[in-house]
Student: 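My structure is below; once you've seen it, I'll send some questions.
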Protein chains: 2
Amino acid sequence: MHSNPFEAGTFRPLYMSDLKNDIQPLEASTMTDMVELRLREYLKRKSFVPGDALPKEQELADALGVSRNVVREALSRLRMLGMIESRKKRGMVLTQPDILGSLERVLDPLILGKNTLRDIFELRLVLEMGLADLIYLRKTPEDIAALETIVAQEVNKHQKPFRVEHEIAFHGKLYQMTGNDTYMRFQKMLLPVFEYVLDYEIQVNGQAEVGKVTHHDLVEILKTGDAEDFRRGMKAHLKPHFDRLKA
Amino acid sequence: MHSNPFEAGTFRPLYMSDLKNDIQPLEASTMTDMVELRLREYLKRKSFVPGDALPKEQELADALGVSRNVVREALSRLRMLGMIESRKKRGMVLTQPDILGSLERVLDPLILGKNTLRDIFELRLVLEMGLADLIYLRKTPEDIAALETIVAQEVNKHQKPFRVEHEIAFHGKLYQMTGNDTYMRFQKMLLPVFEYVLDYEIQVNGQAEVGKVTHHDLVEILKTGDAEDFRRGMKAHLKPHFDRLKA
DNA sequence: TAATTCCTTTTGTAGGACATAATGTAAGGT
DNA sequence: ACCTTACATTATGTCCTACAAAAGGAATTA
């Protein structure tokens, strides 16, 4: 039995990887797909800005030569993406989409394939390694104090719920210190996938290893060292995870 | 005039940042929203796996007590996310969603707000800094050769289209070397936003600065140095961008 | 002027109808 | 028996009509 949750032999050659992105389908299969595409084109071409009002459903339907039903299905998609909002009588207005909202709906470890799970696991490691630069750009003494509080509350219990909770608190605070909401939310969304892979790991290999550099050490580095020191510390902290990738 | 495309004074306090994610609306406004939610719950609860068939639209409508129309609008959303596929007569089957597909639709620099633009700009820098670890895990001599070919074709023309093209070729190859499709696609999607911000920059400040470490230097490091060397090199290569964040 | 009532408009929901395509099935020919 | 053809069946895709609900606007009244 191999200790890898991603399973060997599922690797796809790279040239196939994003073919779907390079060439777009000649014709979207259903009317709804086409209308969705047309609407997005329309919004771009007319360079609508958030707040602008859209034509009414019936007008769009007439202009596109399809039924109002089809238009509504397409609009429903845009509404889900947060691109538009609509209120009765007032019509529809363009809004600033919530770029991560749609990702959230799809990031279910149980549904994602092994390849994607592995990719996301790695992506999270990349995000952790990238913390250093932004943190050193913006950290404040208050942040450090908050981190120390969190570390002080570190329970010795190695049972899972406590441990995970603490991990999230500590790393979450680190992300917060970057002042980058999107970055923080993104990382937060990736957590379930990360946990899922680790759980699998533990189930197979017994106990999860832990790096030599602790949270306490990382805080010390933050106080005295520079960004490169911190990154080296983080790399050591995450070493077990990186080692996993080599296998 | 400030040299910052994100505009000052738009910073939101962090405690407001992800309120919408922590507490979810008590009741989704429209039937379609609720049905969409219910359907996703249903899929998770029954632990459907890709390939499984879903009940027919009319059955879902009856079970949920809504019209087939509403069900279809909700299904249309899931279809857009790539969670389901449906063919006539055969019904609908669960599929592995394309997690980045939905992001792609929404990443339009013209629509995104200043805050998000800034966040994404930083996120891309983070991704670049994270390249080192994965590259050193998987690089091959062929990859290095390919990089050298790209560098050799580096045109001296500083005109924009050529320059950008070359940037994409070089950095794209780096991402490809990580063997992480999701990582690569993600970065690719962020490119337009990155370019958009840089364009703004150039327009305001005249010429775009360029780091002291060139592509050629980076390749040399890849041949002789270790991951840390490479990261240091990349940091120097991106230095102008990081400096921008300080302002 | 301010509050109320009524009208109008636009989205949201319902239900029926039919086209279309894919599947299964039975008839018919070899 | 086996292959082919033709037909019936079924689920999605599209269209249509109708009406409920909410929100804005106008007219009326205190």
Side-chain angles (χ1 to χ4, degrees), chain A residues 25-40 42-43 46 48 50-98 101, chain B residues 25-43 46 48 50-98:
Chain A
L26 192 56
E27 176 192 13
S29 43
T30 80
M31 285 288 174
T32 302
D33 289 331
M34 293 175 63
V35 170
E36 184 211 329
L37 208 71
R38 287 287 184 89
L39 284 179
R40 235 207 315 283
Y42 171 72
L43 295 181
K46 292 285 229 173
F48 277 112
D52 287 358
L54 272 68
K56 348 180 193 193
E57 296 178 350
Q58 192 58 60
E59 286 177 8
L60 289 173
D62 293 344
L64 289 162
V66 296
S67 88
R68 187 173 156 231
N69 222 321
V70 169
V71 172
R72 277 189 62 82
E73 285 193 19
L75 287 174
S76 179
R77 298 179 175 184
L78 301 189
R79 213 171 354 249
M80 179 185 64
L81 295 179
M83 294 181 71
I84 63 175
E85 272 176 14
S86 46
R87 273 188 301 248
K88 309 199 188 220
K89 166 88 178 182
R90 184 148 178 175
M92 294 173 297
V93 296
L94 201 65
T95 58
Q96 291 201 6
D98 176 12
Chain B
L26 194 56
E27 176 193 14
S29 44
T30 80
M31 285 289 176
T32 302
D33 290 331
M34 292 174 64
V35 169
E36 185 212 328
L37 208 70
R38 287 288 183 87
L39 283 180
R40 236 208 314 285
E41 277 175 15
Y42 171 73
L43 295 181
K46 292 287 229 173
F48 277 110
D52 287 359
L54 272 68
K56 346 177 193 197
E57 296 178 351
Q58 191 57 59
E59 286 176 7
L60 289 173
D62 294 343
L64 290 162
V66 296
S67 89
R68 186 173 156 232
N69 224 321
V70 169
V71 172
R72 277 190 62 82
E73 285 193 20
L75 287 173
S76 180
R77 296 179 176 185
L78 301 188
R79 206 164 307 134
M80 179 186 63
L81 295 180
M83 294 181 70
I84 62 175
E85 273 175 13
S86 46
R87 275 187 298 248
K88 309 199 188 224
K89 165 86 180 187
R90 183 148 178 178
M92 295 174 298
V93 295
L94 201 65
T95 57
Q96 291 202 6
D98 178 13

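Computed from a predicted structure; not experimentally measured. In what follows, every chain begins at residue 1, and chains take the letters A, B, ... in the order their sequences are listed.
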Student: Within this structure, what is the CG-to-C1' distance between B/Asp62 and C/dA14, rounded to whole angstrom?
Tutor: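 Spelled out: CG on B/Asp62 to C1' on C/dA14 is 13 Å.
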Student: Just checking A/Gln58: does its CD atom have more than 12 heavy atoms from other residues, nucleotides or ligands closer to it than 6.0 angstrom?
Tutor: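 Enclosed: over 12 neighbouring heavy atoms sit under 6.0 Å from CD of A/Gln58.
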Student: Each nucleotide N or O in nucleotides 15-18 of chain D that has a protein N or O under 3.5 Å away: list the pair and distance.
Tutor:
unit_1, atom_1, unit_2, atom_2, d
D/dC15, OP2, A/Ser67, N, 2.7
D/dC15, OP2, A/Ser67, OG, 3.3
D/dC15, N4, A/Asn69, ND2, 3.3
D/dC16, N4, A/Asn69, ND2, 3.1

Student: Taking atom C1' of C/dT13 as reference, at what distance in whole Å does atom CG of A/Leu75 sit?
Tutor: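 Result: 16 Å.
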Student: Just N and O in the side chain of B/Thr30: are any of them under 4.0 Å from OP1 or OP2 of C/dT11?
Tutor: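 So the side-chain polar atoms of B/Thr30 never come under 4.0 Å of the phosphate oxygens OP1 or OP2 of C/dT11.
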Student: Expected output is a numbered-order residue list: members of residues 79-89 of chain A with a heavy atom under 4.0 Å from any atom of DNA chain D. What is it?
Tutor: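 Close to the strand are A/Lys88, A/Lys89.
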Student: Is there side-chain contact between B/Leu60 and B/Val35, with heavy atoms separated by less than 4.5 Å?
Tutor: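 A side-chain contact under 4.5 Å is absent here.
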Student: Hey, could you give me the CZ/CE distance between A/Arg77 and B/Met80, rounded to the nearest 0.5 Å?
Tutor: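 A/Arg77 atom CZ to B/Met80 atom CE measures 6.5 Å (nearest 0.5 Å).
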Student: Round to the nearest Å and state the distance from B/Lys56 atom NZ to D/dG13 atom C1'.
Tutor: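 Atom-to-atom, B/Lys56 to D/dG13, this comes out as 17 Å.
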Student: What is the distance, rounded to the nearest whole Å, between atom CZ of A/Arg72 and atom P of C/dT10?
Tutor: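 About 14 Å, once rounded to whole Å.
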Student: Separation of B/Met34 atom CE from C/dG12 atom P, in whole Å?
Tutor: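 Taking CE of B/Met34 and P of C/dG12, I get 15 Å after rounding.
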Student: For A/Leu78 and C/dT11, what is the distance between atoms CG and C1' respectively, to the nearest whole Å?
Tutor: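 Result: 16 Å.
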Student: In whole angstroms, how far is the P atom of D/dT14 from the CD atom of B/Glu73?
Tutor: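 After rounding, the gap between these two atoms is 14 Å.
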Student: Which distance, rounded to the nearest 0.5 Å, do you find between the CD of B/Glu85 and the CG of B/Leu54?
Tutor: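 Here the interatomic distance stands at 12.0 Å.
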Student: Does a sphere of radius 6.0 Å around CZ in B/Arg40 hold more than 12 heavy atoms from other residues, nucleotides or ligands, not counting ones at 6.0 Å or beyond?
Tutor: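 For B/Arg40, atom CZ is crowded (more than 12 foreign heavy atoms under 6.0 Å).
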Student: If you compare all heavy atoms of B/Met83 against all heavy atoms of B/Leu94, which two are closest, and at what distance to 0.1 Å?
Tutor: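 Looks like O-CD1, 3.3 Å.
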Student: Please give, in whole Å, the distance from C/dG12 C1' to B/Glu36 CD?
Tutor: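 Rounded to the whole Å, the gap is 16 Å.
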Student: With a 4.5 Å limit on heavy-atom distance, are the side chains of B/Asp52 and B/Leu43 in contact?
Tutor: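 B/Asp52 does not reach B/Leu43 side chain to side chain.
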Student: Could you report the tightest heavy-atom contact between B/Phe48 and B/Ala53, atom names first, then the distance?
Tutor: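 Nearest pair, atom of B/Phe48 first, then B/Ala53: CE2-O, 3.9 Å.
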Student: Answer yes or no: is there a side-chain heavy-atom contact under 4.5 Å between B/Glu59 and B/Val71?
Tutor: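 No. Closest side-chain heavy atoms not under 4.5 Å.
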Student: Closer than 4.0 Å, any side-chain N/O of A/Arg90 to the OP1 or OP2 of C/dT9?
Tutor: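 Negative; the distance criterion is not met.
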